[in-house]
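Data first, discussion second: the structure below is written as structure tokens.
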Amino acid sequence: MSRKISTKSRIARFPKKMTERPSSSDGLATFTANDLQAMEFPPLEFLVEGLITEGLTLLAGKPKMGKSWMALDIAMSVAIGCETLQVRPCKKGTTLYCALEDNPRRLRRRMLHVYGDQTNWPVNFHFSTQMQKLDDGGLEDIEDWIVEHRPSLIIIDTLACVRPTSKSKKEYDADYAALSPLQKLAGEHGIAIIVIHHLRKMSGDDPLDMVSGTTGLTGAVDNVLVLDRKSDGATLYGRGREMDDIDIAVELDDGLWRILGDTDTVRISSERRAIIEVLRNADEPMGPKLIAEALDWSQENVRQLVKSMSTDGDLKKLSRGKYALP
């Protein structure tokens, strides 16, 4: 059985002379727990509400999943200062999209497709289609550009185009070293940097385990976003050092991604709609067994769901465990 220790008892464990001992100016810099208690920090600020913070974000997805469409819309929305993914507000700022697998012709075609031939596309939205490897002048080029333009957001699409040539025999060390300089750069200049990457072919229980490479990549960044598609639709998972976990259903519609809502809520709504559709097309009330057979679902899951739908008023429960539309 645990015993609650009083504040007085806890303080008594640390001699006063230890808390007052100064750190050496040329040695290890430390601060006390009392110093930490007195520190004040501004609240975490989002460049894109609930999604993108200051620091380095790794956005990973399978090939042809639509990562570049999402990156383009985020960059454009930040440059304009409007909502991205159709629902998430952005703070306006200068952006740079390094579309290293594209060319100007293709980029213009994409922009025209999504945004139309507007009078003026934003002058604070910059593109680049060529960039050196990070360890071959690329990192210095980015920093020089940051100093000159003071951007809010830089997107590098993709990591493979700028990844340093590995000099380590250990894969984890090589992966960590590939992104840690960008993470440091983003923190020093107080901006957001997004790096686009791929997922491995095999699925995993933890979405972050699907990121191609070792955990050195996900460990080197501040936030990880995983864009994945399963039989019930596309999902954007997110995890960060300071922000809350993300698990939202998304949909790509003619070049524009949009958020549908929390994955569980959207999935339940979809399942409910499917049951309603089965009953609408039925000639008579149905029980969970017949509904499950019609949808090829688990009978127990259907039984629990129709019971909940009946309580919520979506269905009407009749005698002998049959259900019909109200």
Side-chain angles (χ1 to χ4, degrees), residues 46 48-52 59-67 69-70 73 83-89 199-211 223-240 243-326:
F46 284 88
V48 178
E49 185 179 285
L51 286 179
I52 306 297
L59 171 59
K62 294 180 180 179
K64 309 303 181 184
M65 181 73 189
K67 303 182 297 295
W69 288 108
M70 182 175 287
D73 187 54
E83 292 182 341
T84 190
L85 307 182
Q86 302 191 29
V87 295
R88 294 297 176 97
L199 295 180
R200 64 178 81 245
K201 293 182 179 180
M202 297 180 61
S203 299
D205 295 332
D206 187 336
L208 268 64
D209 291 338
M210 298 166 59
V211 176
N223 309 301
V224 182
L225 296 176
V226 173
L227 185 61
D228 189 27
R229 185 183 301 280
K230 296 182 180 178
S231 59
D232 54 357
T235 304
L236 184 64
Y237 302 95
R239 193 175 302 163
M243 70 179 189
D244 295 333
D245 288 355
I246 297 167
D247 189 346
I248 51 180
V250 292
E251 180 181 62
L252 180 61
D253 182 15
D254 199 25
L256 280 175
W257 283 96
R258 66 188 181 100
I259 294 176
L260 303 177
D262 291 338
T263 301
D264 289 341
T265 302
V266 172
R267 184 176 294 119
I268 290 173
S269 298
S270 175
E271 292 172 348
R272 290 189 176 212
R273 287 195 299 270
I275 290 176
I276 290 173
E277 190 63 24
V278 167
L279 290 173
R280 180 178 289 118
N281 295 326
D283 296 329
E284 57 184 5
M286 300 173 66
K289 184 175 184 297
L290 290 178
I291 296 174
E293 290 176 354
L295 294 170
D296 195 23
W297 291 356
S298 162
Q299 183 177 338
E300 178 59 24
N301 289 345
V302 171
R303 188 182 69 81
Q304 294 291 342
L305 187 52
V306 295
K307 181 179 179 181
S308 176
M309 292 176 68
S310 176
T311 301
D312 295 340
D314 294 331
L315 299 180
K316 181 180 180 180
K317 185 177 181 179
L318 306 177
S319 60
R320 296 184 179 180
K322 300 289 184 69
Y323 292 86
L325 298 181

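The minimum heavy-atom distance linking G313 with P326 is given by the pair O-CG, 3.7 Å. Nearest approach of G50 to M243, heavy atoms of both residues: O-SD, 4.4 Å. Of all heavy-atom pairs between R88 and E49, the closest is NH1-O, 2.9 Å. Shown here for W257 and A234, the closest heavy-atom pair between the two residues is CZ3-CB, 4.0 Å. Between V211 and A60, the closest heavy-atom pair is CG2-CB, 4.1 Å. Considering all non-hydrogen atoms of both residues, L318 and A324 come closest at CD1-CB, 4.0 Å.
Atom-to-atom distance recorded for D254:CG and W69:CH2 is 8.0 Å, nearest 0.5 angstrom. To the nearest 0.5 angstrom, I259 atom CD1 is 9.5 Å from Q86 atom CD. Taking CE of M309 as the start and NZ of K317 as the end, the distance is 14.0 Å to the nearest 0.5 Å. Distance CG/L260 to CG/L236: 11.5 Å, rounded to 0.5 Å. Atom OH of residue Y237 and atom CD1 of residue I246 lie 12.5 Å apart, to the nearest 0.5 angstrom. Put simply, CE on M65 and CG on L59 are 10.0 Å apart, with the number rounded to the nearest 0.5 Å.
Enclosure of atom CG in D244 is not indicated, since only 12 or fewer non-hydrogen atoms of other residues, nucleotides or ligands lie within 6.0 angstrom.
Formation of a donor-acceptor pair under 3.5 Å by the S269 side chain with backbone atoms of T265 is found in this model. For R267 (side chain) and G233 (main-chain N/O), no donor-acceptor pair under 3.5 Å exists by modelled atom type. Of the possible polar contacts, one joining the T311 side chain to the K307 backbone as a donor-acceptor pair under 3.5 Å is found. With hydrogens and angles ignored, the 3.5 Å screen pairs no side-chain donor or acceptor of R258 with any backbone N or O of L85.
Residues D73 and T84 bring a donor and an acceptor atom of their side chains to less than 3.5 Å of each other.
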### Message
For a side chain to side chain contact (heavy atoms under 4.5 Å, CB included) check, start with the C-alpha distance between L305 and R272, then their side-chain angles and the critical distance, and finish with the verdict.
### Response
CA-CA 8 Å; L305 187 52; R272 290 189 176 212; 4.0 Å; yes
### Query
When you look at R239 and D206, which way does the side chain to side chain contact (heavy atoms under 4.5 Å, CB included) test go after all the steps?
CA-CA 11 Å; R239 193 175 302 163; D206 187 336; 3.2 Å; yes
### Message
Does M70 form a side chain to side chain contact (heavy atoms under 4.5 Å, CB included) with K67? I'd like the steps, not just the answer.
### Response
CA-CA 5 Å; M70 182 175 287; K67 303 182 297 295; 5.7 Å; no
### side chain to side chain contact (heavy atoms under 4.5 Å, CB included) between I275 and W297, intermediate numbers included
CA-CA 11 Å; I275 290 176; W297 291 356; 4.0 Å; yes
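Between D314 and D312 there is a side-chain heavy-atom pair separated by less than 4.5 Å. Two residues are said to be in side-chain contact when any heavy atoms from C-beta on lie closer than 4.5 Å; V224 and V226 meet this criterion. In this structure, the side chains of V278 and L290 stay at 4.5 Å or more apart for every pair of heavy atoms.
Among residues at least two apart or in separate chains, salt bridge (Lys or Arg N to Asp or Glu O under 4.0 Å) pairs with a member in residues 279-293 are E277-R280, K289-E293.
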